[in-house]
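Notes follow once the structure below has been shown.
A quick note: this is a predicted structure, and the numbers were derived from the prediction, not measured.
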Amino acid sequence: MRIETDLKLGFKDVLIRPKRSTLKSRAQVNVEREFTFLHSKQKWHGVPIIAANMDTVGTFEIAAALAEYGLMTAIHKHYSLTAWNQFLSGHTDDIYQRIMVSTGTAQEDFSLMQKIIGKHPKLQFICIDVANGYAEAFVEFVKQVRDEFPDKTIVAGNVVTGEMVEELLLSGADIVKVGIGPGSVCTTRVKTGVGYPQLSAVIECADAAHGLGGRIISDGGCICAGDVSKAFGGGADFVMLGGMLAGHDESGGQLVHRDGQQFKLFYGMSSSTAMEKHAGGVAEYRASEGKTVEVPYRGPVEETVKDILGGVRSTCTYVGAGALKELTKRTTFIRVQEQENKTFT
């Protein structure tokens with residue numbers, strides 16, 4: 001046993017210090033990025049915000065809506081091949097730059113992914129998603145997927161430390177997903193005592209990834225547009241959102257009516273709700289590591305997207321970054337004990 005005594009920070013622990021700027025308007029800020037990925041050599045251009053691969057967020061409907069703004073969606077892994085065929089038959093080629101095929105490490109997940117990509121070879125992104133990216137079996141699975149799909153851009157995670165980012169990149173991942181326990185419907189930290197404050201995880205993992213030519217996704221912990229900016233400021237190449245995109249028309253989840261108000265169900269993919277739905281229940285050897293909540297119904301996702309992008313553009317104007325790619329170079333974090341005045345809530 002050992003103890004690390006240096007402080008680790010989450011988004012709530014910091015603000016971004018403003019700097020002199022020559023920008024006259026938020027409209028001048030370019031929030032798009034362009035990457036060429038480490039192993040696949042694929043080029044990508046767009047807004048590097050991703051809807052999480054949860055069945056209450058990462059739906060085909062969300063993907064279509066976000067693609068209009070250049071954002072991405074990691075499609076959840078529970079759609080059938082038939083559903084994929086129907087979705088892709090109704091869209092132009094640009095959609096392939098805006099979606100990821102998600103898979104776990106189980107053989108049935110891998111087989112379905114093979115069928116989907118075999119039927120639709122234009123798909124570019126594979127998202128290999130597990131709760132614990134530290135298992136050697138996961139590393140071996142990443143190598144297997146890279147061998148099977150040498151020209152696809154592979155996302156792998158989740159991890160929170162630099163040495164594991166490096167191992168996954170060296171094993172064939174192009175992008176590593178960073179985050180253990182920060183999500184709004186994740187209870188991993190409560191059930192296991194394991195985790196890492198998200199901002200520090202992003203800073204450390206970005207440093208490791210960029211040294212090898214890889215990229216990272218900050219996955220989880222954002223509750224407002226300012227947190228998205230903090231993730232980018234900390235070095236994240238992409239930011240993945242779950243709760244911020246839940247509760248919309250295009251989101252999954254049952255619509256609930258109560259006392260004249262409308263809500264939508266939102267739950268973690270390790271919750272008992274998700275496991276009852278997709279696996280027949282919680283296995284005897286494990287515990288649920290997610291919760292189920294009711295999110296106020298929020299209408300079309302379009303206004304939320306505009307709000308997030310407007311916030312990020314505004315951040316850039318406060319620090320003089322004319323483009324999103326400049327934000328991390330212009331970011332100085334200051335530690336704080338308060339974020340906002342909550343007199344009126």
The complete set of ring pair (Phe, Tyr, Trp, His ring centres under 6.0 Å) pairs with one or both residues in residues 48-73, sequence neighbours excluded, reads F60-Y79, F60-W84, F60-F87
Ionic contact status for K177 with D129, cut-off 4.0 Å: yes
Answer yes or no: is there a side-chain heavy-atom contact under 4.5 Å between E294 and L265? yes
For the residue pair S111 and Q107, confirm or rule out a side-chain donor-acceptor distance under 3.5 Å. yes
Using modelled atom types and a 3.5 Å cut-off, is there a donor and acceptor pairing between side-chain atoms of D55 and backbone atoms of H76? no
Would you sort out whether K19 and T332 count as a side chain to side chain donor-acceptor pair (under 3.5 Å), showing the intermediate values? CA-CA 9 Å; K19 293 179 178 167; T332 298; 3.0 Å; yes
Set out, in order, the CA-CA distance, both residues' side-chain angles and the distance that settles salt bridge (charged side-chain N to carboxylate O under 4.0 Å, His left out) for R146 and D174, then state yes or no. CA-CA 10 Å; R146 172 53 66 203; D174 296 285; 2.6 Å; yes
With sequence neighbours left out, the residues meeting salt bridge (Lys or Arg N to Asp or Glu O under 4.0 Å) with K24 are none
Would you check, one step at a time, whether the test side chain to side chain contact (heavy atoms under 4.5 Å, CB included) holds for M244 with I223? CA-CA 6 Å; M244 288 182 68; I223 64 172; 5.5 Å; no
Determine whether the side chains of H45 and E32 contain a donor N or O and an acceptor N or O closer than 3.5 Å. yes
Show the numbers, then the answer: is there a side chain to side chain contact (heavy atoms under 4.5 Å, CB included) between I217 and V178? CA-CA 6 Å; I217 297 170; V178 174; over 6 Å; no
Side-chain donor-acceptor pair present, H120, N85, cut-off under 3.5 Å: yes
Nearest 0.5 Å, please: how far is CG in D307 from CD in E303? 8.5 Å
Could you give the distance from CZ (R298) to CG (L245), rounded to the nearest 0.5 Å? 7.5 Å
Applying salt bridge (charged side-chain N to carboxylate O under 4.0 Å, His left out), run through D147 and K143 and close with a yes or a no. CA-CA 6 Å; D147 290 342; K143 292 178 182 177; over 6 Å; no
Salt-bridge contact R2-E4 (side-chain N to carboxylate O under 4.0 Å): yes
